[in-house]
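One structure is given below, encoded as structure tokens.
Computed from a prediction, not measured in an experiment: that's the story for all the values here. Note that the numbering runs from 1 along the sequence shown for the chain.
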Amino acid sequence: MESGQQPVWRGLGLLGSGGGGEGPGLGPGGCERRLLWAASLLCVLLDLQLPGLLAAGQAEIENHLEMGRKLLAAGQLAEALSHYHSAVESDPKNYLTYYKRATIYLAMGKFKSALPDLSKAIELKPDFLAARLQRGNILLKQGNTQEAKEDFEAVLRNNPDNTEAQSQLTRVTELELSMQEARTAFQRKNYLGAISFLDRVIEISPWDPEAKELRSECYLYLGNYNKAIMDLKPTTKLRNDNRAAFLKLSKLYYNLGEHEESLNQVRECLKLDQDDKDCFSHYKQVKKLAKQLESAEEHIKAQRYEDAIEKYKAAMKTEPSVAVYTTKAKGRICHCLSKSKQPREAIDICTEAHQLDPRNVFILLLHILFLMETNFALFVAVEDYQEAKEFDGENEELKEGLERAQKLLKQSKKRDYYKILGIRRNANKQEIIKAYRKLAQQWHPDNFQSEDEKKEAEKKFIDIAAAKEVLTDPEMRQKFDSGEDPLDPENQQGGGGHQHQWPFEFNPFGSGNFHFKFHFN
């Protein structure tokens, strides 16, 4: 040691600072005695401070538990849980704290999180019957009959008169028998029978994914896709990494024509594993179809009907196997043709759409309107209106449409001015005059030689002139379109209505080489 440098133990104050030399405490065994003395002093100091430290720690734990109780009573579960977390961290050997945190998890519906806390409480205190009973109840709801049975039997060994444990043990037996009967019925293809047993199974074990999956399969075989989906959805949370359920849900929604929800479900599958080949393959198909359908609807909103029609045709090529998409596409094409004023082109596609989906009142109405606009098969329009009324009897539009179609049908048996001119019902004035001139020139009586031909031409010529008169007069045309012939004497009795006056001498062109005269008494 260098001159003037003190030993470490002297700097720490463990040894006295004697005069020169090594000091009085460094004789034989002196160092050891000094160290023992220092250790004893440290223990005394710790003994004096420990009760205070423990008391402070316990007070903090009690404060967390008290705050947790108050927040729980106020329904603030997340805040209460935070305090119970702190209590568990401060005292990880307290079985009661784990149990209380488990009750918070259960109140929040997080039974999976509650199970480890209940198991820890039982591990710390094996005779803690409340925790065993609670864990047994969770296991029973999960369909774990073997472990649930062990917990209920453990409770009864310590407390044979526990009525809840006795009742739950009976339900364990009932659950096992019902599940066995359901599987047997399913194997025999008795799906309704299997559902009957599974209803009771799920009532006892609502958190059992196997029971819900089996009942979902039964509903699929029975063709009830909506109920199958309702049973399958919860299993995505009841099983970890349940990609198979997400893919199955996506395909079910896809087959129902709900492409948006189908896309949502397959995306959930890819969140669990973006490299899942089956999910990715299905995702590409749904995404392509969804994009085409969405694009078509955007075109319709922008009134680009021809573009929308092309997109719907592309969608039918993308998915030719699922009928709902073909039906929807044809129905929307029918709508586009109606908006772009192409009734003749629309009749075939609207008829196909109606045949694919006869209960779709919207498509049925379009189909009827085209039949009427093109003056084609009015009796079919009447039948279709009557059919539509069966689906929606309170629809005022249907009632009014049926009355109009019936009037038009009755009218068509007399004289139909649209048919006479060979024009559609929504023809404009220019189209009416053009058709009239062409037919008037064709059927002018001066063009015919024999008396019989002249009489036939005269009759047609009169009808052509009448059609032009009615359809170019807005008031008369409106009456005719509502099912009333303004030139029919029956509709003019009593002095009302438009009186038809033929001219003494009638030249349909106002000039030219035609000089045919009409004479009426």
Side-chain angles (χ1 to χ4, degrees), residues 109-112 115 137-148 171-273 276-283 285-287 289-290 319 321-325 327:
K110 298 181 177 181
F111 63 91
K112 286 183 179 180
L115 268 179
N137 288 338
I138 293 174
L139 292 169
L140 179 59
K141 287 184 176 181
Q142 287 181 313
N144 191 339
T145 55
Q146 185 57 43
E147 291 186 27
R171 285 160 68 89
V172 168
T173 304
E174 182 185 359
L175 176 61
E176 290 175 335
L177 290 173
S178 296
M179 195 64 187
Q180 184 178 344
E181 292 287 353
R183 290 192 186 102
T184 302
F186 181 81
Q187 289 170 356
R188 292 175 179 172
K189 298 184 179 180
N190 178 10
Y191 303 118
L192 287 173
I195 289 171
S196 178
F197 286 113
L198 288 167
D199 287 344
R200 180 56 180 158
V201 169
I202 293 170
E203 183 182 341
I204 298 172
S205 302
W207 302 334
D208 179 10
E210 183 184 355
K212 289 184 182 290
E213 287 164 351
L214 186 57
R215 192 170 68 174
S216 177
E217 281 298 307
C218 291
Y219 282 128
L220 283 179
Y221 279 111
L222 294 171
N224 193 332
Y225 293 100
N226 289 322
K227 284 192 174 182
I229 287 171
M230 286 176 64
D231 270 343
L232 194 57
K233 262 191 172 182
T235 68
T236 60
K237 295 181 180 179
L238 294 171
R239 288 194 193 277
N240 294 325
D241 191 23
N242 199 350
R243 283 173 285 156
F246 280 121
L247 180 58
K248 192 169 185 177
L249 281 168
S250 179
K251 289 183 176 180
L252 284 172
Y253 277 118
Y254 184 82
N255 289 333
L256 288 172
E258 299 181 33
H259 62 276
E260 291 177 354
E261 189 57 34
S262 174
L263 203 55
N264 291 338
Q265 296 298 327
V266 76
R267 279 173 175 156
E268 291 299 321
C269 174
L270 292 172
K271 284 180 185 178
L272 295 172
D273 182 1
D276 188 297
K277 291 182 179 179
D278 292 334
C279 287
F280 187 67
S281 174
H282 184 61
Y283 169 78
Q285 170 71 8
V286 183
K287 181 68 176 174
L289 181 66
E319 183 46 82
S321 304
V322 181
V324 66
Y325 295 108
T327 303

**Asked** Does a side-chain heavy-atom distance below 4.5 Å link Phe246 with Val266?
**Response** no
**Request:** Working to the nearest 0.5 Å, report the span between SG of Cys279 and NZ of Lys277.
**Result:** 13.0 Å
**Complete:** In this structure, CD1 of Ile204 is separated from OG of Ser178 (nearest 0.5 Å) by 5.5 Å
**Message:** To the closest 0.5 Å, what do you measure between CG (Leu115) and CG (Leu139)?
**Reply:** 5.5 Å
**Message:** Just to verify, which of His282, Glu258, Gln265, Glu261 counts as forming a side-chain hydrogen bond (donor to acceptor under 3.5 Å, both in side chains) with Ser250?
**Reply:** His282
**Asked** Do side-chain atoms of Ser205 reach the backbone of Leu140 as a donor and acceptor pair under 3.5 angstrom?
**Response** yes
**Message:** Once you measure the plane-to-plane angle for Phe186 and Tyr191, does it fall in the parallel (<30°), tilted (30-60°) or perpendicular (>60°) bin?
**Reply:** perpendicular
**Request:** Please round to the nearest 0.5 Å and tell me the distance separating atom CG of Leu272 and atom CZ of Arg243.
**Result:** 7.0 Å
**Asked** Is there side-chain contact between Leu220 and Leu252, with at least one heavy-atom pair below 4.5 Å?
**Response** yes
**Request:** For residues Ile229 and Leu249, determine if any side-chain heavy atom of one lies less than 4.5 Å from a side-chain heavy atom of the other.
**Result:** yes
**Request:** Decide side chain to side chain contact (heavy atoms under 4.5 Å, CB included) for Met179 and Leu198; before the verdict, give the C-alpha distance in whole Å, the side-chain angles of both, and the deciding distance to 0.1 Å.
**Result:** CA-CA 7 Å; Met179 195 64 187; Leu198 288 167; 4.0 Å; yes
**Asked** Do Tyr225 and Asn255 touch side chain to side chain, with heavy atoms closer than 4.5 Å?
**Response** no
**Request:** Measure the shortest side-chain to side-chain distance between Gln142 and Glu147 over non-hydrogen atoms and say whether it is less than 4.5 angstrom.
**Result:** no
**Asked** Taking atom types as modelled, is there a side-chain donor on Gln180 or Glu176 under 3.5 Å from an acceptor on the other?
**Response** no
**Complete:** Ala182 and Phe197 have their tightest heavy-atom pair at CB-CB, 3.8 Å
**Request:** Report yes if some heavy atom in the side chain of Leu222 is under 4.5 Å from a heavy atom in the side chain of Ile195; otherwise report no.
**Result:** yes
**Asked** Tell me, do Arg215 and Met230 make a side-chain contact under 4.5 Å, heavy atoms counted?
**Response** no
**Request:** Could you give me the CA-CA distance, side-chain angles and deciding distance for Arg183 and Glu210, then say whether side chain to side chain contact (heavy atoms under 4.5 Å, CB included) is met?
**Result:** CA-CA 11 Å; Arg183 290 192 186 102; Glu210 183 184 355; 2.9 Å; yes
**Fill in**
To the nearest 0.5 Å, atom CH2 of Trp207 lies from atom NZ of Lys112 at 11.0 Å
**Asked** Ignoring hydrogens and geometry, is there a side-chain-to-backbone donor-acceptor pair from Thr236 to Lys233 under 3.5 Å?
**Response** yes
**Prompt:** Between Glu174 and Arg171, is there a side-chain N and carboxylate O pair less than 4.0 Å apart?
**Reply:** no
**Fill in**
Nearest heavy-atom contact between Tyr325 and Gly257 is OH-CA, 3.4 Å
**Message:** Apply side chain to side chain contact (heavy atoms under 4.5 Å, CB included) to residues Val322 and His259 and explain how you reach the verdict.
**Reply:** CA-CA 12 Å; Val322 181; His259 62 276; over 6 Å; no
**Message:** Run the side chain to side chain contact (heavy atoms under 4.5 Å, CB included) test on Asp273 and Asp241 for me, step by step, so that the C-alpha distance in whole Å, both residues' side-chain angles and the decisive distance to 0.1 Å come before the verdict.
**Reply:** CA-CA 9 Å; Asp273 182 1; Asp241 191 23; 5.5 Å; no
**Asked** Say you draw a straight line from CG of Asp208 to OG1 of Thr235; how long is it, rounded to the nearest 0.5 Å?
**Response** 11.0 Å
**Item:** Minimum heavy-atom distance Pro206-Lys212, with the two atoms named
**Value:** O-CE, 3.1 Å
**Message:** For Lys110, is the NZ atom crowded, meaning more than 12 foreign heavy atoms sit under 6.0 Å from it?
**Reply:** no
**Request:** Provide the closest heavy-atom pair for Thr145 versus Leu175 in the form atom of the first, atom of the second, distance.
**Result:** CG2-CD2, 3.4 Å
**Request:** Using atom types as modelled and distance alone, determine if a side-chain donor or acceptor of Ser281 lies under 3.5 Å from a backbone N or O of Asp278.
**Result:** no
